[in-house]
Amino acid sequence: MSNHKERYHNFSPGPATLPLEVLEKAQEELPNYQGIGASVMEISHRSDAYEELDHQARTRIKRMLGIGDDYTVLFLQGGASTQFLMAPYNYLEEGKTADYINTGRWSTKAIREAKLFGNVHVPFSSEDSNFSRVPQQDELNFSDDPEYVHFTSNNTVAGTQFPEEPDTGGVPLVCDASSDFLSRPIDIEKYGIIYAGAQKNCGPAGVTIVVIRNDFLEKAKQNGIPTMMSYHTHAEKIFNTPPSFNVYMVNLMMEWMEEKGGVEYFEKYNREKAQTIYDEIDKDDFYRGAVDKDSRSLMNITFRLQNEDLEAKFLEEAEENDLVKLKGHRSVGGIRASLYNACRQESVDALQQFMADFRKNNG
Ligand SMILES: *Cc1c(COP(=O)(O)O)cnc(C)c1O
C-alpha cells in the first residue's frame, strides 16, 4: 500500500514505540474526528467533543490505577522536567524539608530543582556505585518530618527499578514514574503525587500525566505561587489550552491498554519480555548486566559486552537487523533495550535471537 519500509523493532528509551493499532485508529480519525466535521486538533477545548474525550482519558487512567474521586488526574505540559520544579514549588519553602531518594540522573535533576525552594534531605544515594542499584528499606534514613518523600520508580538511564514502594511510615510519596507509569499495579494509597511524561508508556511526547491525592492537593500552597505553577489552578478546571491532540493519543493508548487487560496484564507481559532478555544475558559471561540483579528494571534493560569495540559492532549489526535504538545513554555507554508497554514480545524475541547469534559468532 505504501513505499515506506516496514516498521522496525523499536527499543527507544523515549519517545517510545506506540501500538500500530493506536496509530492506525488515529490515522483513520484524523481528518474528521467521530464525524463532527473537524480534526480533534481543530476543535475548542471547551467543546463537548473535547470535554468528553478529556473525561474518558482521565477516567481510564483512574480505572487502571484503581482510584476514584479521592484523586485528581491532570494533563499538563512542560514534561516531567517541569514537575521537578512544580512539586517543590507547591509544597516547599524556606524552613520546610522534603526527602529525595537519589537513584539516578533524573533523581539528581529533581533534587537540583527542589533545592531552589526549600531543604532537601537525601535518605539514600547510589551515586557512588554509578546508580547501579535502588535501596533496601533499611538503608533509607528519612528526616524527622518531611513534607513528602520523592523517588524515581524506574531509572531509565541506569536500568534499575524499585521492586516496590519505599515504606515512609505514612509520609506521602511524590513519584517520578515517567518510565514505568501503568506498567504494573502499584500501591496507589501511598502516593501524594505520581507524575509521568506520556512518551514512554502512555502516548506521545507533549503531555505529562499528574495524579494527585485530593487530601495532599489541599496542602499545596494557595498563595505566592504563579498561577500556571499551582496544582490548584489545574485541578479546578482546564485552565488554559491543553495539549489536546496528545491527550487524544493518550486516550487511545489507555483504551488499547484496557482492552488488553490493564496493568495486571501489562505487569505479566512486561515481566515475560524482560525475562526473555535477562535470561539471555545470564547464560554466560558474554553479556554482563549493568546493574545489581535485585534492582533490575523491567522497562530498561542495560548490559555490557567485553569491550566498546564489540559493543559498537553489536549496535551496528543490530541495526542491520532492524533492531533499533539499543545504544546505552551517553553517560553510561553499553547497550540499553527499552521494553515499555507497547514494545511487543515479537520484537523482544527478535532481539533475543540476535543476541544468541551474536554470541555464537563473536564468543
Ligand atoms: C524521560 C524521563 C524524564 C524526562 O521527561 P521529560 O518529559 O522529557 O521532561 C524524567 N524522568 C524520568 C524517569 C524519565 O525517564
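Order of listing sets the numbers, starting from 1, for every ligand and every atom in it.
- When Y195, W106, F181 are checked for heavy-atom proximity to atom 10 (C) of ligand 1, W106 turns out nearest.
- Ring-centre distance between F314 and F354: below the 6.0 Å cut-off.
- Aromatic ring orientation, F216 versus Y148: perpendicular (interplanar angle above 60°, classes split at 30° and 60°).
- Annotation for ligand 1: atoms under 4.0 Å from non-hydrogen atoms of A80 are 5 (O), 6 (P), 7 (O), 9 (O), 10 (C).
- Each of the following atoms of ligand 1 lies closer than 4.0 Å to a heavy atom of T156: 12 (C), 13 (C), 14 (C), 15 (O).
- A 6.0 Å sphere centred on CG of N240 holds more than 12 heavy atoms belonging to other residues, nucleotides or ligands.
- Heavy-atom contacts of S179 reach the following atoms of ligand 1: 13 (C), 15 (O) (cutoff under 4.0 Å).
- Taking 4.0 Å as the cut-off, N154 counts as a neighbour of ligand 1 on heavy-atom distance.
- Below 3.5 Å of separation, one finds no N or O of T152 facing any N or O of ligand 1.
- Residue contacts with ligand 1 do not include K109, since none of its heavy atoms lies under 4.0 Å from the ligand.
- Near S178, meaning under 4.0 Å from any of its heavy atoms, are these atoms of ligand 1: 2 (C), 10 (C), 11 (N), 12 (C), 13 (C), 14 (C), 15 (O).
- Listed by chain and number, the residues in a side-chain hydrogen bond (donor to acceptor under 3.5 Å, both in side chains) with K115 amount to none (sequence neighbours excluded).
- Residue D48 qualifies as open at atom CG: its count of foreign heavy atoms under 6.0 Å is 12 or below.
- Under a 4.0 angstrom heavy-atom cut-off, K200 registers as being in contact with ligand 1.
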